[in-house]
Engineer: 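One structure follows; several queries about it will come next.
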Number of protein chains: 2
Amino acid sequence: MQANIQLDDTDARILTALSADSRRSYADVAAEVGLSTAAVHERVKKMLERGVIERFSLRVDPERVGLHFTAFVAIRNDGGAHCRDIAPRLRELPEVLELHSVAGEYDFLAKVRTTHARGLEDVLYQIKAIPGVARTTSTVVLNTEFEERPLRWPGSAPAA
Amino acid sequence: MQANIQLDDTDARILTALSADSRRSYADVAAEVGLSTAAVHERVKKMLERGVIERFSLRVDPERVGLHFTAFVAIRNDGGAHCRDIAPRLRELPEVLELHSVAGEYDFLAKVRTTHARGLEDVLYQIKAIPGVARTTSTVVLNTEFEERPLRWPGSAPAA
DNA sequence: TGTGAAAACCTACTACA
DNA sequence: TGTAGTAGGTTTTCACA
């Protein structure tokens with residue numbers, strides 16, 4: 001809930017550089033942003049402490065590990081006492097990669113990935129078995145055009 | 001379109017380790033998976049070559065950089081000649097973080113992030129100005145429960 | 001916040017099973 | 001694919017501006 005109060009242009013450039021390749025050496029990044037290695041190190045450390053950088057990660061191609069099927073599942077709850085418990089239960093399902101509570105006709109929107117269409121059926125059975133889940137509607141993804149883009153925010157530089 | 005034919009359990013454990021912290025040293029990962037540093041290096045190199053690992057990246061907390069508003073925008077095209085050109089145009093908008101072509105009532109589903117609700121209005125104007133876009137429906141995210149989980153696939157180990 | 005310098009550590013390669 | 005060895009690069013921590 002904190003804004004980018006203490007993120008200057010240099011921080012933004014470091015984030016841009018490391019978003020594209022987080023294993024780049026700080027020496028290399030330092031040369032690009034015009035700072036010493038130690039200074040880049042210090043800034044990264046502070047961004048980790050402040051939670052701006054959540055973690056260093058890597059992007060795996062879902063197709064190459066056999067996850068050929070993607071769907072968005074909208075979930076409606078029944079308005080009963082179990083509503084608060086639905087999200088934790090959905091977190092237990094590894095196929096649910098992403099979960100948002102949303103406004104509108106449905107209460108949650110989940111991104112689900114499985115090896116094939118048949119796998120979604122299994123996941124839907126599990127979701128429907130969660131107490132408080134009233135109904136679901138699935139939207140099948142035909143093709144993912146792009147995903148997990150490096151973030152851009154007011155004040156951040158476009159990726160080179 | 002290639003499956004996980006050549007991904008064994010050791011590869012999976014290396015991916016799990018580096019998903020949680022991609023700047024961990026290969027020496028450290030090697031100790032964890034019970035291999036030499038050089039062997040881990042070789043395996044990572046091959047996974048990069050095969051495209052299993054797309055890139056080393058980092059996860060920035062959207063809230064901490066001022067992106068307080070998220071919505072999913074469903075987009076319908078008009079069935080005309082411009083339909084093929086819509087995705088590239090959407091890619092030009094930095095607020096569109098993710099784009100999927102989908103089956104059903106709408107043709108695309110986009111994840112959009114802006115600093116505040118007002119920002120979505122601007123993005124919607126830009127989307128509606130794209131030739132071939134017939135209409136949009138937005139679903140406002142109230143809270144992101146979780147996102148960008150490390151992938152799990154049949155044969156991969158659960159994160160420790 | 002920044003810098004340069006230095007010790008500890010890691011990477012990335014080669015030779016070889 | 002794997003291991004060990006190693007030269008050269010990188011990280012991380014200083015004292016200090």
Side-chain angles (χ1 to χ4, degrees), chain A residues 2-61 64-66 150 153-157 160, chain B residues 2-61 64-66 150 153-157 160:
Chain A
Q2 214 169 301
N4 49 341
I5 295 162
Q6 294 160 32
L7 266 195
D8 64 10
D9 184 59
T10 305
D11 285 327
R13 291 173 68 197
I14 292 170
L15 287 181
T16 301
L18 292 176
S19 293
D21 178 6
S22 63
R23 276 192 85 93
R24 266 182 84 178
S25 75
Y26 291 161
D28 198 5
V29 175
E32 188 176 303
V33 304
L35 230 56
S36 68
T37 306
V40 169
H41 187 262
E42 186 62 22
R43 278 171 175 264
V44 169
K45 197 175 136 199
K46 281 184 183 152
M47 287 193 279
L48 280 164
E49 280 163 7
R50 279 189 271 151
V52 172
I53 297 174
E54 262 174 40
R55 63 191 167 98
F56 292 104
S57 170
L58 57 77
R59 160 106 183 132
V60 171
D61 183 339
R64 304 285 167 122
V65 295
W153 62 94
S156 73
Chain B
Q2 214 169 299
N4 50 341
I5 296 162
Q6 296 162 31
L7 266 196
D8 64 13
D9 183 59
T10 304
D11 285 327
R13 290 175 66 197
I14 292 170
L15 287 181
T16 301
L18 292 176
S19 292
D21 179 5
S22 63
R23 277 193 84 93
R24 267 181 83 176
S25 74
Y26 292 162
D28 200 6
V29 174
E32 187 178 304
V33 304
L35 230 58
S36 68
T37 306
V40 170
H41 188 265
E42 185 64 22
R43 278 169 177 265
V44 169
K45 196 174 137 198
K46 281 184 182 152
M47 287 193 278
L48 280 165
E49 280 163 5
R50 279 187 270 151
V52 172
I53 298 174
E54 261 175 39
R55 64 192 167 96
F56 294 104
S57 71
L58 57 78
R59 161 106 180 130
V60 171
D61 183 338
R64 305 284 168 122
V65 295
W153 62 94
S156 75

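Below, each value reflects all heavy atoms present in this structure, side chains not excepted, and no hydrogens, waters or symmetry copies.
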Engineer: E42(B) CD to dT11(C) C1': how many Å, rounded?
Structural biologist: 13 Å
Engineer: Once you round to the nearest 0.5 Å, how far does CG of L58(B) lie from CG of L48(A)?
Structural biologist: 8.5 Å
Engineer: Could you list the residues that satisfy salt bridge (charged side-chain N to carboxylate O under 4.0 Å, His left out) with K45(A), not counting sequence neighbours?
Structural biologist: none
Engineer: If I take atom NZ in residue K46(B) and atom C1' in nucleotide dT1(D), what distance separates them, rounded to the nearest angstrom?
Structural biologist: 6 Å
Engineer: Which heavy atom of A12(A) sits nearest to which heavy atom of G155(A), and what is that distance?
Structural biologist: CB-O, 4.3 Å
Engineer: Do L18(B) and V44(B) touch side chain to side chain, with heavy atoms closer than 4.5 Å?
Structural biologist: yes
Engineer: Roughly, in whole Å, what's the span from CZ in R50(B) to C1' in dT1(D)?
Structural biologist: 12 Å
Engineer: Rounding to a whole Å, what distance do you find between R24(A):CZ and dA12(C):C1'?
Structural biologist: 18 Å
Engineer: Going 5' to 3' through nucleotides 12-17 of chain D, assign each nucleotide B (protein heavy atom under 4.0 Å from a base atom), S (under 4.0 Å only from sugar-phosphate atoms) or - (no protein heavy atom that close).
Structural biologist: BB----
Engineer: Once you round it to whole Å, what is the distance between C1' of dC10(C) and CG of D21(B)?
Structural biologist: 14 Å
Engineer: Considering residues at least two apart in sequence or located in another chain, which fulfil the salt bridge (charged side-chain N to carboxylate O under 4.0 Å, His left out) criterion with R55(B)?
Structural biologist: none
Engineer: Output the single nucleotide from dA4(D), dT11(C), dT1(C) whose closest atom is nearest the side chain of R43(A).
Structural biologist: dT1(C)
Engineer: Might you point out which heavy atoms bring L15(B) and W153(B) nearest each other, and give the distance in Å?
Structural biologist: CD1-CH2, 3.6 Å
Engineer: Please list, in numerical order, the residues of residues 51-61 of chain A that have a heavy atom closer than 4.0 Å to any atom of DNA chain D.
Structural biologist: none
Engineer: Answer yes or no: is there a side-chain heavy-atom contact under 4.5 Å between L7(A) and M47(A)?
Structural biologist: yes
Engineer: Between the opening five pairs and the closing five pairs of the helix from dT1(C)-dA17(D) to dA17(C)-dT1(D), how far apart are the helix axes, to 10°?
Structural biologist: 30°
Engineer: Of the options dT1(C), dT11(C), dT3(D), whose atoms approach the side-chain atoms of A27(B) most closely?
Structural biologist: dT11(C)
Engineer: Restricting to side-chain hydrogen bond (donor to acceptor under 3.5 Å, both in side chains), what partner residues turn up for S22(B), sequence neighbours left out?
Structural biologist: S22(A)
Engineer: Quick one: list whatever passes salt bridge (charged side-chain N to carboxylate O under 4.0 Å, His left out) with D21(B), sequence neighbours left out.
Structural biologist: none
Engineer: By nearest atom, which of the nucleotides dT11(D), dT3(C), dT11(C) is closest to the S25(B) side chain?
Structural biologist: dT11(C)
Engineer: Enumerate the side chain to side chain donor-acceptor pair (under 3.5 Å) contacts for residues 32-41 of chain B, please, sequence neighbours excluded, ordered by first and then second residue.
Structural biologist: R24(B)-E32(B)
Engineer: Find the distance D28(A):CG to dA12(C):P and express it as a whole number of Å.
Structural biologist: 12 Å
Engineer: Whether the Y26(B) and R43(B) side chains hold a donor-acceptor pair (N or O, under 3.5 Å, no angle test) is what I'd like checked.
Structural biologist: no
